[in-house]
Trainee: 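Below you'll find the structure I mean.
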There are 2 protein chains.
Amino acid sequence: MPDSNSIALSGKTLRSSKQRQSILDILTQQHAHLSAEEIYQSVKLLHPSISLGTVYRNLEILTEIGAVYRASFADGKARYEMASPGHHHHLVCLKCGNIEDIMECPMAKDIESFMENRDFQPLRHYFEIYGHCAKCKQK
Amino acid sequence: MPDSNSIALSGKTLRSSKQRQSILDILTQQHAHLSAEEIYQSVKLLHPSISLGTVYRNLEILTEIGAVYRASFADGKARYEMASPGHHHHLVCLKCGNIEDIMECPMAKDIESFMENRDFQPLRHYFEIYGHCAKCKQK
DNA sequence: ATCGCTGCAAATCATTTGCAGCAGC
DNA sequence: GCTGCTGCAAATGATTTGCAGCGAT
């Protein structure tokens, strides 16, 4: 049961750093689904000496404390975004690669009642739709 | 539009090989979600000199021609299984790692009608539920 | 005789980690 | 000053690829 006042991570007390703050700023501002590499490129503009390792380390921590949401996609790369209060899913365009959020959750109705009949306790789930977005549809 | 008699892959005409046949046999018999490494270990019992590269190459080809279905999971590893006529989704146990198929598809009802209102053409989708299976639930 | 397939090893790609110094608290 | 955080570089793990020889059609 995490305490919202003193954020701790497996016994550790988190400190702040300019690098971590910048990563959060970028995720907040760009409001997008960014790969670690993309975040790295963006933070490098502010902190030219930052390393990819630091980006990964911070994304790991931020994901663990629930500030950031990590989603893995079919291309094997993870994307990160600020954790939003209501969870959501994704529309991924196979042509331009754009990722759009959808708030509809399939866990809602029939699946949920179906789960009750199964002897399985769902904790989290992922739902991603791949296809062609409005722009790429017509081509 | 692929021709079911002469299976071709981007201009190539496929030949058969004992290795490829063994991979298909294993996927058919074990009827499970196997990682490339697990498949490799199984095939090695029949073909001790087979290489992991060959396993990957065949899985790639078999996936392309639609004989095998590849799913990527949150741990970053892909799992392979024989392509079944009706597509399905997965229940993944976070404790024992067991993966169970579920035939229920969230694309069915409300999501599908919702997609019609969006300017997005869905082509494929993934839905995976992570949690604790019957066995691991009680601990 | 083609040309796809194989084993092997080296190459990639995403991500993780060990280490010594630096920086918040 | 303690200890978390950083840059750097090397390590890891999954997957891909170049190459020369083998094997199926």
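Numbers restart at 1 for each chain; the letters A, B, ... are given by sequence-line order, proteins then strands.
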Trainee: About how many Å separate CG of A/Leu91 and NE2 of A/His132, when rounded to the nearest 0.5 Å?
Mentor: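 Here the interatomic distance stands at 13.0 Å.
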
Trainee: Under 4.0 Å between a Lys/Arg side-chain N and an Asp/Glu carboxylate O for A/Glu100 and B/Arg118?
Mentor: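 Salt bridge between A/Glu100 and B/Arg118, a charged N being under 4.0 Å from a carboxylate O: yes.
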
Trainee: With rounding to the nearest 0.5 angstrom, report the CG to OH distance, A/Leu62 to A/Tyr69.
Mentor: 16.0 Å

Trainee: To the nearest angstrom, how far is A/Leu52 atom CG from D/dA11 atom C1'?
Mentor: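 In whole Å, D/dA11 C1' lies 15 Å from A/Leu52 CG.
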
Trainee: For a ring-ring contact (aromatic ring centres under 6.0 Å, His included) check, start with the C-alpha distance between B/Tyr126 and A/Tyr130, then their side-chain angles and the critical distance, and finish with the verdict.
Mentor: CA-CA 8 Å; B/Tyr126 301 94; A/Tyr130 291 77; 5.3 Å; yes

Trainee: What nitrogen or oxygen pairs link the protein and nucleotides 8-11 of chain C at under 3.5 Å?
Mentor:
| residue | atom | partner | partner atom | Å |
| --- | --- | --- | --- | --- |
| C/dC8 | N4 | B/Arg57 | NH2 | 3.3 |

Trainee: Please confirm whether the shortest side-chain N or O distance from B/Thr13 to OP1 or OP2 of C/dG4 is below 4.0 Å.
Mentor: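 Checking B/Thr13 against C/dG4: no side-chain N or O falls below 4.0 Å of OP1 or OP2.
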
Trainee: What is the distance from OH of B/Tyr80 to P of D/dA14, rounded to the nearest Å?
Mentor: 12 Å

Trainee: Between A/Phe73 and A/His90, what is the ring plane arrangement, given parallel below 30°, perpendicular above 60°, and tilted in between?
Mentor: tilted

Trainee: Take atom CD of B/Gln21 and atom P of C/dC5, then tell me their distance rounded to the nearest Å.
Mentor: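 Going from B/Gln21 (CD) to C/dC5 (P), I get 13 Å.
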
Trainee: Return the value, rounded to whole Å, for the distance between atom CG of B/Asn58 and atom C1' of D/dT15.
Mentor: 14 Å

Trainee: State whether A/Ser17 places a side-chain N or O below 4.0 Å from either non-bridging phosphate oxygen (OP1 or OP2) of D/dT6.
Mentor: yes

Trainee: According to the interplanar angle, ranging from 0 to 90°, do the rings of A/His125 and A/His89 count as parallel (below 30°), tilted (30 to 60°) or perpendicular (above 60°)?
Mentor: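 Aromatic pair A/His125/A/His89 classed tilted.
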
Trainee: Answer yes or no: does a side-chain N or O of B/Gln19 lie under 4.0 Å from OP1 or OP2 of C/dG7?
Mentor: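 Yes.
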
Trainee: How many Å lie between CD on B/Glu60 and P on C/dG4, as a whole number?
Mentor: 16 Å

Trainee: In Å, rounded to the nearest 0.5 Å, how long is the span from CG of A/Leu59 to CZ of A/Arg20?
Mentor: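 It comes to 10.5 Å.
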
Trainee: Can you figure out which of D/dT15, D/dC5, D/dG23 approaches the side chain of B/Ala78 most closely?
Mentor: D/dT15

Trainee: Checking all strands, does A/Ser35 fall into the base, sugar-phosphate, or nothing category for heavy-atom contacts under 4.0 angstrom?
Mentor: nothing

Trainee: Out of C/dG4, D/dT3, D/dA14, which nucleotide sits closest to the side chain of B/Arg15?
Mentor: C/dG4

Trainee: Can you check the B/His47 NE2 to D/dC22 P distance for me, whole Å?
Mentor: 19 Å

Trainee: How long is the line joining CD1 of A/Ile61 and P of C/dT15, in whole Å?
Mentor: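 My rounded result for the distance is 16 Å.
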
Trainee: Taking 4.0 Å as the cut-off, does a side-chain nitrogen or oxygen of B/Tyr56 come that near to OP1 or OP2 on D/dT16?
Mentor: no

Trainee: What integer distance in Å separates B/Phe73:CZ from C/dA14:P?
Mentor: 21 Å

Trainee: Is it the case that the base of C/dC5 and the side chain of B/Arg20 share a donor-acceptor contact (distance under 3.5 Å, atom types as modelled)?
Mentor: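 No, the side chain and the base share no sub-3.5 Å donor-acceptor pair.
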
